[in-house]
Amino acid sequence: MPDTALHDWNLAPKEAIALQKRLAGRVEREDRLDTVRHLAGVDIGFEQDGAITRAAVVVLAWPPEAEGAFTVVERVVHREPTRMPYVPGLLSFREVPAALGAFEKLTTRPQLAMVDGQGIAHPRRIGVASHLGLWLDLPTIGVAKTRLCGRHDEPGPARGDWVPLVDGPEDETIGAVLRSRAKVKPIFVSPGHRVSLHTALDWVVACLGRTKLPEPTRLADRLASRRDFKKGE
DNA sequence: GCGACAG
DNA sequence: ATCTTGTCGC
């Protein structure tokens, strides 16, 4: 819970970067996931040519009934006018406000959340997953479909194979490139807040079904991009 | 100066 | 992110 009063989500790039540098120091990476009973998936989509930001949060019961078979406990959608354009490295300022709106509508309080985007695998080590986790004081894991920064080798071909994602002059490990499904481009997993890379990988692998994305993020994706039918808005 | 660049 | 046809595989 950063200094709320001082956090403006409509900052100019220069100020946004300065804020990220300050907040990055508060991002923790410990393991405090003993009693997880509810796991959330978070993703943001857009409507009306980007004019409306649509945040979706799906809460799943842990553990699953079977491999990749989770029980959906709650699903919420929050829409609001888009406030910022997309700028690589400053995604949080565009998506987090809407995500917070969705969390406010939530009846359940998850103990862990997987967010579509990077965690600390970010130039200043504070991607959307980390920023959201810091703000909600909630353990989070970043699950991105493509790379933002860092270097890596090609992970093995088998599901579960992974290689470290490193960055900086000293090859600091900032995440992992995981083959979540055979024959498919790997995903980028990184610690968000209060989670280590090892723990992040364990959770993501444990949530994999037969698809490329882990269930939490996959379901949130569908709801955010209204590819989800059933209930919802 | 020339690329790279989450969603 | 979003748009959009066809195609491949379980």
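Because only heavy atoms are used, hydrogens play no part in the values below, and waters and symmetry mates are left out as well, while side chains stay in. Residue numbering restarts at 1 for every chain, and letters A, B, ... go by the order of the sequence lines.
Salt bridge A/E154/A/R179: present, at least one basic N to carboxylate O contact under 4.0 Å. A salt bridge between A/E30 and A/R194 is absent, with no side-chain N of the basic residue lying under 4.0 Å from a carboxylate O of the acidic one.
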Under a 4.0 Å heavy-atom criterion, the protein footprint on nucleotides 2-7 of chain B, written with B, S and -, is --SBBB
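In terms of modelled atom types and a separation under 3.5 Å, the side chain of A/R181 and the main chain of A/R210 share a donor-acceptor contact. Between the side chain of A/R151 and the backbone N or O of A/G168, at least one donor-acceptor pair lies under 3.5 Å.
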Donor-acceptor contacts under 3.5 Å from residues 41-50 of chain A side chains, at least two apart:
residue, atom, partner, partner atom, Å
A/E47, OE1, A/R79, NE, 3.0
A/E47, OE1, A/R79, NH2, 2.6
A/E47, OE2, A/R54, NH1, 2.8
A/E47, OE2, A/R79, NE, 3.3

Atom pairs and distances, donor-acceptor, side-chain atoms in residues 85-97 of chain A, under 3.5 Å, two or more places apart:
residue, atom, partner, partner atom, Å
A/R94, NH1, A/M84, O, 2.5

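Linking ILVMFWY side-chain heavy atoms closer than 4.5 Å, directly or via other members, places A/I17 and A/I120 in a single hydrophobic cluster.
Under the 4.5 Å side-chain criterion, counting only non-hydrogen atoms from C-beta, A/L39 is in contact with A/C207. Contact check for A/L100 versus A/H78: no side-chain heavy atoms found under the 4.5 Å cut-off. The shortest distance between side-chain heavy atoms of A/L132 and A/F103 falls below 4.5 Å.
Exactly one of A/Q118, A/R125, A/H122 qualifies for a side chain to side chain contact (heavy atoms under 4.5 Å, CB included) with A/I174. That residue is A/R125.
Within residues 207-221 of chain A, no residue is approached by DNA chain B to less than 4.0 Å at the level of any non-hydrogen atom. Listed in residue order, the members of residues 179-187 of chain A having a heavy atom less than 4.0 Å from DNA chain B come to none.
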Dot-bracket for DNA chain B, 5' to 3', Watson-Crick and G-U pairs with both distances under 3.5 Å, [ ] for crossing pairs, | for partner on another strand, reads .......
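Aromatic pair A/H152/A/W162: centroids not less than 6.0 angstrom apart.
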